[in-house]
Amino acid sequence: MATLEIDRVRKTFGSLDVLKEVSIAIGDGDFLVLLGPSGCGKSTLLNMIAGLESITGGEIRIAGEVINDLPPKDRDIAMVFQSYALYPTMTVRQNIEFGMKIRRVPAAERARATAAAAEMLQMGHLLDRRPSQLSGGQRQRVAMGRAIVRQPRLFLFDEPLSNLDAKLRVDMRTEIKRLHQRLGTTIVYVTHDQIEAMTLATRIAVMRDGVVEQFGPPQEVYDRPANTYVGRFVGSPAMNIVPTRLEAGAAGAEAVVTLPGGEARIGAIPLSAGTLERCRGRDVLMGIRPEHFAPGRGITVDVDVVEPTGPDTLAIFTLGGVEVTARLEPFAASAGRKLDLAIKTDKVVLFDPGTETRLD
Amino acid sequence: MAAERSSASARRARLVGRAFIYGTLVLLALLYLMPLWVMVVTSLKSLDEVYAGSFIGLPRALTLEAWEKAWATACIGTECGGLRPYFVNSILMTVPAVVISTAIGAMNGYILTKWRFRGANLIFGLMLFACFLPFQAVILPMAQVLGRLGLAGTIAGLVFVHSVYGITFTTLFFRNYFVTIPDELTKAAQIDGAGFFRIFFAIMLPAALPIVVVSSIWQFTQIWNDFLFGVSFTSGASSPVTVALNNIVNVTMGRKQYNVDMAAAMIAAVPTLVVYVVAGRYFVRGLTAGAVKG
Ligand SMILES: Nc1ncnc2c1ncn2[C@@H]1O[C@H](COP(=O)(O)OP(=O)(O)OP(=O)(O)O)[C@@H](O)[C@H]1O
Ligand SMILES: [Mg+2]
């Protein structure tokens, strides 16, 4: 168990800047999720923590110790890969014991550690099979078992669930969370799935093009996205970003949105007096999560499409000239009808239209 | 009635078609096997019978005389010890050359795919280029190299030549196989603490068994059947069996001993046949197999 500090870390491949001054610090026992679209440099960063890629600039420290120049085996880490990376000609048992053999762990100790891991992951009956005789979920378990017996200071996961079908992915997600609760080891976990990130993390780092756009606890990232990119990337359906004008009203900050039939005022948006003064009368972007609409007095919209999902219904309409999604109770809306909606204004966030960063 | 008749005629047409197809196949197969038949029956006849009768007929008196002579007493140059010593030469040449070229090819393929370095692709490209280099182009420079190394005219020299020439092919085999094995496997092993050689011997090589078989068979047949390098770089007692066979067959004095020639040719061909029969199915499997999943 250990803290992890990533300090102004850079990575270049030739002339290609893959990571630009990434800084992240997490505490002992934290579950850090690196979240971002394909090609943003998540795996590269993870491989640098593991020692599989060199570090172009900056420092990585585990438990306060700079590990830039340590080979992977001396970093006291374990890693689970997307393709599981099980050794194809070895049985499950040999796969799990391979690392211990190299470290010259005595046979009795190896057997004990393997048995313990097999019990924790319920794969005792698989120990004498080869990887080709296992299902995807079972391979995933073995890969985790191989990591667990190492008893590392730090677990690294690179998209471990992306090769599984939807049902199994949810099950294994729970399993990983349970594992974290049980072992309490610090984890760094790479994914491009925002639901995985939200459900697992104690800290999320949202990445884009080699830059960390926001780093914080999941609820904070969800409620107060640092910019429109994070707002759109985290949450499903994505946060609605609506062009509006900022006015000062009786209730403080008010946003004025254009509706097909005219304009509407949405009041009591939390905003500091200074920002309100500075941006008054100017155009801003308003971020509203789909669940922050509810039937009630406020704005009147023409519902365009209705998508029932079971627990709730998504209503799609035009607001401020852009398409907006609201998450409502089943049967709360029907296509082609008018609908009165209230907005939970205390949940609304505003963004600067130029930089697209959040206004406080 | 009409329907019955038409179905009967359809069946007849199909039958005729079948007969035609199989007839042609059998005919072509017989044609193809004719030389082998001639070789086998001729080798089992005495020389007098060969000259008296036809080539194709069965021997009247079955005799292994020609085989014994080809193996143990036929004269090659001034030596009259048959093919046996040259057959041994060929084994002494082929086995080490197959092992060396396959081993180096496996290592090359491993490095070119799992430990990529600047210029790896260029080096691989140059190696591919060497695959297409004709034998004739390397003979003169190779003779000079062998002379400098003091290996001219020796079996060790032939082992060297075949190993070097074979590396291009074996590297191609192994590179194309290892490229299908996910790089994450190497990474996982590195984190487990395995180094360069342990990853190779404990993980890559066992996973590459099918391609080891392919590479070995390919190299074995190439090297065993080679004539040009053998005749260029050796002479007399250190020749491989292919060169000795040529010398038996090309004796110009006296009656041509067809029965001995045929037996000798078959003796020289037996090892490659055996290799194919024993390992042939692994060959096809290895060529079509991708890396093991998981
Ligand atoms: N060895 C390399 N040489 C050159 N460029 C590389 C190398 N490895 C990665 N890259 C580039 O670095 C960028 C980040 O790659 P990385 O694998 O870290 O992305 P990722 O965020 O993990 O994406 P994914 O979700 O698809 O796995 C990509 O643009 C990729 O093309
Ligand atoms: Mg990746």
Side-chain angles (χ1 to χ4, degrees), chain A residues 13-14 43 46-47 49-53 70-92 94-105 129-136 138-140 142-143 146-147 149-150 152 154-156 158-160 163, chain B residues 102 106-107 109-111 113-122 173-216 282 285-286 288-294:
Chain A
F13 287 112
S43 297
L46 199 70
N47 285 339
I49 299 171
L52 299 168
E53 291 279 7
L70 281 185
K73 66 180 167 64
D74 297 332
R75 294 190 180 196
D76 204 0
I77 49 155
M79 189 155 169
V80 176
F81 295 89
Q82 178 173 356
S83 68
Y84 319 129
L86 302 181
Y87 311 128
T89 55
M90 300 185 197
T91 63
V92 168
Q94 288 167 330
N95 261 282
I96 292 174
E97 294 194 356
F98 185 67
M100 291 191 280
K101 266 191 191 141
I102 292 177
R103 290 195 305 280
R104 299 181 196 288
V105 176
R129 296 207 199 156
R130 281 179 204 283
S132 56
Q133 299 165 318
L134 301 177
S135 70
Q138 290 170 331
R139 285 180 202 182
Q140 183 61 64
V142 175
R146 191 169 64 178
V149 293
R150 172 110 210 217
L154 192 60
F155 277 117
L156 307 176
D158 192 353
E159 309 211 21
N163 283 352
Chain B
T102 300
M107 189 54 90
Y110 169 57
I111 294 172
T113 53
K114 300 300 167 216
W115 300 89
R116 305 183 58 79
F117 51 92
R118 203 179 279 275
N121 276 335
L122 181 73
F173 289 141
F174 279 97
R175 193 210 90 111
N176 287 354
Y177 190 80
F178 283 140
V179 106
T180 64
I181 295 184
D183 289 348
E184 291 189 343
L185 220 56
T186 334
K187 292 183 178 173
Q190 272 177 278
I191 288 176
D192 267 342
F196 179 87
F197 285 104
R198 194 192 289 257
I199 295 176
F200 180 67
F201 285 109
I203 297 165
M204 292 298 156
L205 208 53
L209 211 59
I211 212 69
V212 170
V213 173
V214 168
S215 172
S216 301
Y282 296 104
R285 209 180 293 166
T288 52
V292 198
K293 271 189 280 161

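Lettering of chains follows the sequences in order, A, B, ..., and the numbering in each one begins at 1. These values consider heavy atoms only, across backbone and side chains, with no hydrogens, waters or symmetry-generated copies. Being a predicted model, the structure only gives us computed values, none of them experimental.
- Contact count against chain A (heavy-atom pairs under 4.5 Å) is highest for B:Ala188 among B:Gly195, B:Pro206, B:Ala188.
- With a threshold of 4.5 angstrom between heavy atoms, A:Ala78 approaches chain B through N, CA, C or O but not through any side-chain atom.
- If you tally non-hydrogen atom pairs under 4.5 Å between each of A:Leu134, A:Asp74, A:Leu52, A:Val80 and chain B, the highest count goes to A:Leu52.
- Separating the CD1 atom in B:Ile191 from the CG atom in A:Asn47 is a distance of 7.5 Å, to the nearest 0.5 Å.
- With rounding to the nearest 0.5 Å, the separation of CD in B:Glu184 from CE in A:Met79 is 7.0 Å.
- Listed here is the closest heavy atom pair of B:Ala202 and A:Thr89: O-OG1, 4.4 Å.
- Once rounded to the nearest 0.5 Å, the distance linking CD1 of B:Ile181 with OH of A:Tyr87 reads 13.0 Å.
- The only member of A:Arg146, A:Lys73, A:Met100, A:Lys101 that meets side-chain contact (heavy atoms from CB on, under 4.5 Å) when paired with B:Asp192 is A:Arg146.
- When heavy atoms are compared at a cutoff of 4.5 Å, A:Arg130 does not approach chain B at all.
- Listed options A:Gly99, A:Pro71, A:Gly51, A:Ala147 were ranked by heavy-atom pairs under 4.5 angstrom with chain B; first place goes to A:Gly99.
- The minimum heavy-atom distance between B:Leu185 and A:Pro88, with the atom names listed, is CD2-CD, 3.7 Å.
- Heavy atoms of A:Arg75 lying under 4.5 Å from chain B are absent altogether.
- Around the CZ atom of B:Phe197, the shell of radius 6.0 Å holds no more than 12 heavy atoms that belong to other residues, nucleotides or ligands.
- Rounded to the nearest 0.5 Å, atoms OG (A:Ser83) and CG (B:Asp183) are 9.5 Å apart.
- Listed options A:Ala143, A:Ala50, A:Pro72 were ranked by heavy-atom pairs under 4.5 angstrom with chain B; first place goes to A:Pro72.
- Note that the NZ atom of B:Lys187 and the CG atom of A:Leu156 stand 12.0 Å from one another [nearest 0.5 Å].
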